[in-house]
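Bear in mind the structure is a predicted one, so any value in this text is a computation, not a measurement. Residues take their numbers from the sequence shown, with the count starting at 1.
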Amino acid sequence: MANRNDYVLVKKFSLDSFEDVCDSGVIKESALNFLNKSNDSSFRERIGFYYLVLKNITGEDDPEEISKMIIDTEYMSKILGISNNDLGVDAYYINEEKREIQIFNFKYRSSWKQGSSFKAGDSFATNRFLALLANEGDVSDILNDNSLGNSSQNFSRTIDAINEITNYREKDDDISIVAYFVSNESSPMPSYDINIMQDTYGISVRSISLGDISGFLTPKREGIQAKLKVPTDKMMVYRESDDASNSSYIFSTSLYELARITSKSEDVRMHNSLEWEDSDDERLEYLKQMSLETSLLHDNVRGYLGSTPYNKGIIRTLEEEPSKFFMFNNGVTITANDVLVPSKKGAKFKFITLKDFQVVNGGQTLRSVHEYIKSNSLKEQVVESLRDSSVLIRAYNTKEADLEEPDSAIATQIARYTNSQNAISPADLRSNDEVQIQIQTYLAADGYDYVLKRNLRKRTKKNGSTRIPMELMAQILITDMGKPEKATNQKRKLFNDYYDDIFGKDLSLESIPDLLRRYREIEEHYLSDSSRHGNRQKYLYLMYIMKKLQNISIEEAQNILELSLDEYSPGKKMADSRKLIYPGFKDLVDKKIQEYILS
């Protein structure tokens with residue numbers, strides 16, 4: 001739990017951040033004069049808090065660029081002299097590299113209060129902004145409708161933000177939205193409020209509270225050391241070359257040991273006999289002293305993301321299947337200015353000393369383990385689970401042989417490269433599921449090559465077989481289930497939220513070849529005539545229409561679809577590809593299908 005010192009630290013950094021922004025010239029002299037006259041220190045802290053958090057989460061350093069992200073009502077009024085109702089969103093950022101839209105709701109407390117938390121009511125205001133993002137109508141028409149009592153309010157900057165986000169989403173239907181609820185309260189949002197918002201709007205929600213912010217502000221401590229005792233048969237030595245003077249080590253150890261060597265207490269970090277020689281009572285007593293030394297994560301380029309599915313999975317594995325942790329986890333990477341391992345032939349154990357070390361990869365694992373220790377009152381059970389869980393550790397000796405090189409050169413590269421590997425797609429993570437192997441085997445007899453890995457996704461004909469990627473299969477199956485609007489909107493959900501429905505016990509292998517043949521017929525129909533403008537979304541909708549109307553031709557189904565596209569007008573100009581993902585468009589198609597049946 002964060003304490004008053006964390007609050008004071010964040011407050012100081014927020015004020016320093018505000019001064020930096022003032023020095024940059026982003027805040028105009030007239031606004032500074034107003035602030036000086038009002039002597040409102042809490043507002044200065046709050047604005048500095050905005051810049052501080054946005055800089056650390058988005059990675060943007062330029063104050064001018066950060067200023068463009070902020071649409072907060074009071075900021076716009078006092079700093080920019082512009083009237084704007086922010087509808088519960090204080091800032092937004094389009095992260096093109098991550099293909100992610102980030103929206104921010106800030107809550108800054110001007111005084112310390114033990115046990116304070118982000119209240120549900122503080123997050124509800126953001127629902128208005130999210131509802132408009134999901135709405136099919138023109139946001140300008142909605143917000144400027146005087147009949148709704150909006151005549152005295154100005155939404156211009158908020159409208160610009162929503163339109164910019166909407167336009168960006170129209171370019172790529174697999175863009176994710178992440179809502180950050182950031183406060184200097186000691187506790188985060190309740191998990192049930194997070195779950196409600198995620199389920200309602202289909203977005204990711206991350207709550208960042210005082211402890212998280214204090215963590216990434218904590219300066220790097222120099223000279224942190226720790227000692228471990230590792231069985232010789234669980235350790236491997238690595239040298240860059242045969243004549244290299246420095247050795248690095250890869251070994252496995254228990255999570256109890258990982259928690260111990262990353263604790264604030266130096267006595268705990270250096271006590272390497274706990275795991276092997278001391279009693280359970282002593283291990284339990286030392287566990288109570290284990291709190292994370294956050295400065296060990298100073299060089300870790302990824303911040304802690306709070307209660308994400310990944311971090312929940314770490315804790316769930318500890319609670320339910322600790323012996324499988326090693327298989328499920330990618331491990332932890334440590335860089336150290338020196339790694340000392342005295343050589344002793346025939347010894348059953350190696351004694352490792354890590355000098356001036358950092359955890360540069362595996363920070364989420366580390367924080368989740370310490371969170372598990374802190375939040376679980378059954379400490380005896382915690383000790384048992386941590387000792388039953390193993391993790392792979394890579395300890396790299398980054399001490400430079402050439403003193404002219406900076407000591408951090410190699411360490412920095414390790415931190416960057418181990419945190420920038422290609423993400424594994426949800427489909428790839430499912431590629432070894434039994435049902436996927438069954439589909440692949442079944443389809444092979446019909447001349448289909450069901451591709452289970454992303455690097456083979458291009459669908460071509462080879463040796464007489466037709467390649468079908470997993471993503472296309474999921475889209476066809478969910479369309480056959482009567483949900484074509486979900487087939488191409490947020491495709492990642494096909495292998496997460498909807499996976500069990502699509503590939504569950506009700507899946508009929510026998511029906512798949514006919515579905516694939518129907519899809520191919522529709523695709524060939526469009527490709528055979530250049531005047532027909534087709535895409536996968538249209539092919540899937542035609543499949544949906546033709547299932548509803550059993551004896552209809554492809555041409556007739558196409559006419560129903562095109563008529564629906566022409567008539568569907570949610571109040572603003574919209575590309576056909578965007579229309580196809582809205583539930584309202586599917587309702588119109590269903591209406592056209594009924595009219596066809598009755599005609």
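Annotation: salt bridge (Lys or Arg N to Asp or Glu O under 4.0 Å) contacts of Lys227 (sequence neighbours excluded): none. His271 meets the ring pair (Phe, Tyr, Trp, His ring centres under 6.0 Å) test with Tyr286; sequence neighbours excluded. Scanning for ring pair (Phe, Tyr, Trp, His ring centres under 6.0 Å) contacts around Tyr256 gives an empty result, with sequence neighbours left out.
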Evaluate salt bridge (Lys or Arg N to Asp or Glu O under 4.0 Å) for Lys107 paired with Glu185, printing each intermediate quantity in order. CA-CA 8 Å; Lys107 175 69 174 178; Glu185 308 275 14; 5.5 Å; no

Would you please test Glu293 and Ser295 for side-chain hydrogen bond (donor to acceptor under 3.5 Å, both in side chains) and show each step? CA-CA 6 Å; Glu293 174 55 72; Ser295 66; 2.7 Å; yes

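Within the 4.5 Å cutoff, the side chain of Val182 has heavy atoms near those of the Phe49 side chain.
Neither side chain, His370 nor Ser291, offers a donor N or O lying under 3.5 Å from an acceptor on the other. Side-chain contact of Tyr108 with Glu45: a donor-acceptor pair under 3.5 Å is present, judged by distance alone. Under the 3.5 Å distance criterion, with hydrogens and angles disregarded, no donor-acceptor pair is assigned to the side chains of Asp20 and Tyr51. For the 3.5 Å distance criterion, the side chains of Gln436 and Glu434 fail to qualify, holding no donor opposite an acceptor.
In this structure, the separation between CD1 on Ile437 and CG on Leu452 is 5.0 Å, given to the nearest 0.5 Å.
Under a cut-off of 6.0 angstrom, the local environment of CD in Glu266 is sparse, with at most 12 non-hydrogen atoms contributed by other residues, nucleotides or ligands. Counted within 6.0 Å of NZ on Lys229, heavy atoms from surrounding residues, nucleotides or ligands total more than 12; the atom is thus considered enclosed.
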